[in-house]
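So that the names make sense, note that chain A is the first sequence line, chain B the second, and so on, each numbered from 1.
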Protein chains: 2
Amino acid sequence: MAKQMTEMLKGTLEGIVLAILDESPAYGYEITARLRGKGLSDIVEGTVYALLIRLEKRGQVDVEKVPSEKGPPRKVYTLNAMGRDYLEEFWKSWFFLSERIEALHKNYTNHPEGKSS
Amino acid sequence: MAKQMTEMLKGTLEGIVLAILDESPAYGYEITARLRGKGLSDIVEGTVYALLIRLEKRGQVDVEKVPSEKGPPRKVYTLNAMGRDYLEEFWKSWFFLSERIEALHKNYTNHPEGKSS
DNA sequence: TACCAGTAGTCTGCGATACTATCTACTGGT
DNA sequence: ACCAGTAGATAGTATCGCAGACTACTGGTA
């Protein structure tokens, strides 16, 4: 994917992970897999783990250590009330920005000389 | 605006400014004003200037110094071919991400117990 | 004259974030 | 004994937007 993506994910990836946790609790490795399943295939595991620790420190998720038959124990993350509030704010911010960007794109498509390809 | 916005703007603000320049050439101060007119009222001037210098260094905009009747000369930025290519890539990245986030939001609204308020 | 507001642009330092790369720990298969 | 897969952590790097201060120029006004 383009380098643009890396910067664009800043701020949005957090919301994406919160939304995934809102679907159902999950552990890091699983979240990475779900992200890939949703088309976000270029997100690195290390990034997800760091993000989860951030959420934990902020108290937006509850953590439970669950033994695994394969490999070390899993840390299962569950979205709590604070996390849900934060997620709701995320959606507000995102739709706010999204609308404005969409508006710009309409202008863009309305003057064909702006397109080169 | 929420702190979420600051991070969300990373990567997108650049595309937004490119899109504004694609509408018509402009100088820094004017771009800030246009941003405010489009609802992006919290973007700091210093940020816009830094962004413009970045675009110039990458060769995505052409610059022309134009004397002003009021204050120091203006630096008028015009989107060039490279900039337009970059803008197009921006749109692609943005719609890619946008679609995936939108999909997550649909799941979110489909299980009302996920909403607290 | 001396000061201030408005226009236009620049710069330093900071905090947040995603990526790269590497590491530990555990299991099962060869 | 070794490797692949699962699961998690971390040090270092680069980018980017923001806060805040600064220069430069013009016109008005006390």
Checklist line | Options D:dT10, C:dT10, D:dG8, nucleotide nearest the side-chain atoms of B:Lys75 | finding: C:dT10

Note to self: Just to be sure I understand the rule, does B:Leu52 reach a base, reach only the sugar-phosphate, or reach nothing, if contact means heavy atoms closer than 4.0 Å?
What the structure shows: nothing

Notebook entry, point to check: Which part of the nucleic acid, if any, lies within reach of B:Glu69 when heavy atoms closer than 4.0 Å are counted: base, sugar-phosphate only, or nothing?
Noted result: sugar-phosphate

Item checked: Proximity to the side chain of A:Thr47 - top-ranked nucleotide from D:dC25, C:dT10, C:dA18 -> C:dA18

Next item on the list: Could you tell me the separation between the NZ atom of B:Lys65 and the C1' atom of D:dC25, rounded to a whole number of Å?
Entry: 13 Å

Margin query: With clusters defined by side-chain heavy atoms of hydrophobic residues (ILVMFWY) lying less than 4.5 Å apart, directly or transitively, does B:Leu104 cluster with A:Ile101?
Written below: yes

Check: Looking at the side chain of B:Leu9, which of C:dA18, D:dG8, D:dC18 is the nearest nucleotide?
Finding: D:dC18

Next item on the list: Answer yes when A:Glu89 and A:Lys92 have at least one side-chain N-carboxylate O distance shorter than 4.0 Å, and no when they do not.
Entry: no

Note to self: Quick check: on DNA chain C, is the nucleotide nearest A:Gly71 upstream (toward 5') of the one nearest A:Val48, or the reverse? Name the residue that is more 5'.
What the structure shows: A:Val48

Next item on the list: Let me know the distance between CZ of A:Arg74 and P of C:dT27, rounded to the nearest Å.
Entry: 13 Å

Check: How many Å lie between CD1 on B:Ile53 and P on D:dT15, as a whole number?
Finding: 16 Å

Notebook entry, point to check: Salt-bridged, B:Arg34 to B:Glu23, with N to O below 4.0 Å?
Noted result: yes

Next item on the list: Scan B:Gly11 against the nucleic acid and name what it touches under 4.0 Å (heavy atoms): base, sugar-phosphate only, or nothing.
Entry: sugar-phosphate

Next item on the list: Kindly point out which of C:dT17, C:dC19, D:dA19 is positioned nearest to the side chain of B:Val44?
Entry: D:dA19

Next item on the list: Measure from the side chain of A:Tyr77, starting at C-beta and using heavy atoms only, and say which of D:dG17, D:dA9, C:dA8 lies closest.
Entry: D:dA9

Next item on the list: For A:Glu45 and D:dG8, give me the distance from atom CD to atom P, rounded to whole Å.
Entry: 9 Å

Item checked: Positive for side-chain contact (heavy atoms from CB on, under 4.5 Å) with A:Ile31, one of A:Ile43, A:Leu51, A:Leu21 -> A:Leu21

Note to self: Between A:Arg54 and C:dA18, is there a contact of a side-chain N or O with OP1 or OP2 at under 4.0 Å?
What the structure shows: yes

Notebook entry, point to check: Where does the angle between the aromatic ring planes of A:Phe95 and B:His105 fall among parallel (under 30°), tilted (30 to 60°) and perpendicular (over 60°)?
Noted result: perpendicular

Check: Atom CE of A:Met8 to atom P of D:dA14: distance rounded to whole Å?
Finding: 22 Å

Notebook entry, point to check: Between C:dC19, D:dA9, C:dT10, which nucleotide has the shortest distance from any of its atoms to the side chain of A:Thr6?
Noted result: C:dC19

Next item on the list: Take atom CZ of A:Arg36 and atom C1' of D:dT6, then tell me their distance rounded to the nearest Å.
Entry: 13 Å

Notebook entry, point to check: Quick check: does any side chain N or O of B:Gln4 sit under 3.5 Å from a backbone N or O of A:Gly15, one acting as donor and the other as acceptor?
Noted result: no

Next item on the list: Rounded to the nearest angstrom, tell me the gap between atom CD1 in B:Ile43 and atom P in D:dC16.
Entry: 16 Å

Check: In terms of the nearest nucleotide of DNA chain D, which residue is placed more toward the 5' end: A:Ala50 or A:Glu7?
Finding: A:Ala50

Next item on the list: Select one nucleotide: of C:dA18, C:dG9, C:dT27, the one nearest the side-chain heavy atoms of A:Lys70.
Entry: C:dT27

Notebook entry, point to check: Using purine N1 to pyrimidine N3 plus N6-O4 or O6-N4 for Watson-Crick, or N1-O2 and O6-N3 for G-U wobble, both under 3.5 Å, which nucleotide pairs with C:dG29?
Noted result: D:dC2

Next item on the list: Between C:dC19, D:dA7, C:dG9, spot the one nearest the side chain of A:Pro72, thanks.
Entry: D:dA7

Check: Taking the side chain of A:Lys10 as heavy atoms from C-beta outward, which of D:dG8, D:dC25, D:dA14 is closest to it?
Finding: D:dA14

Note to self: Can you measure B:Leu35 atom CG to D:dG17 atom P for me and round it to whole angstrom units?
What the structure shows: 11 Å

Margin query: What's A:Glu30 touching, base or sugar-phosphate or nothing? Going by heavy atoms closer than 4.0 Å.
Written below: nothing

Check: Looking at C:dG9, D:dG8, C:dT17, which one has an atom nearest to any side-chain atom of B:Tyr49?
Finding: C:dG9

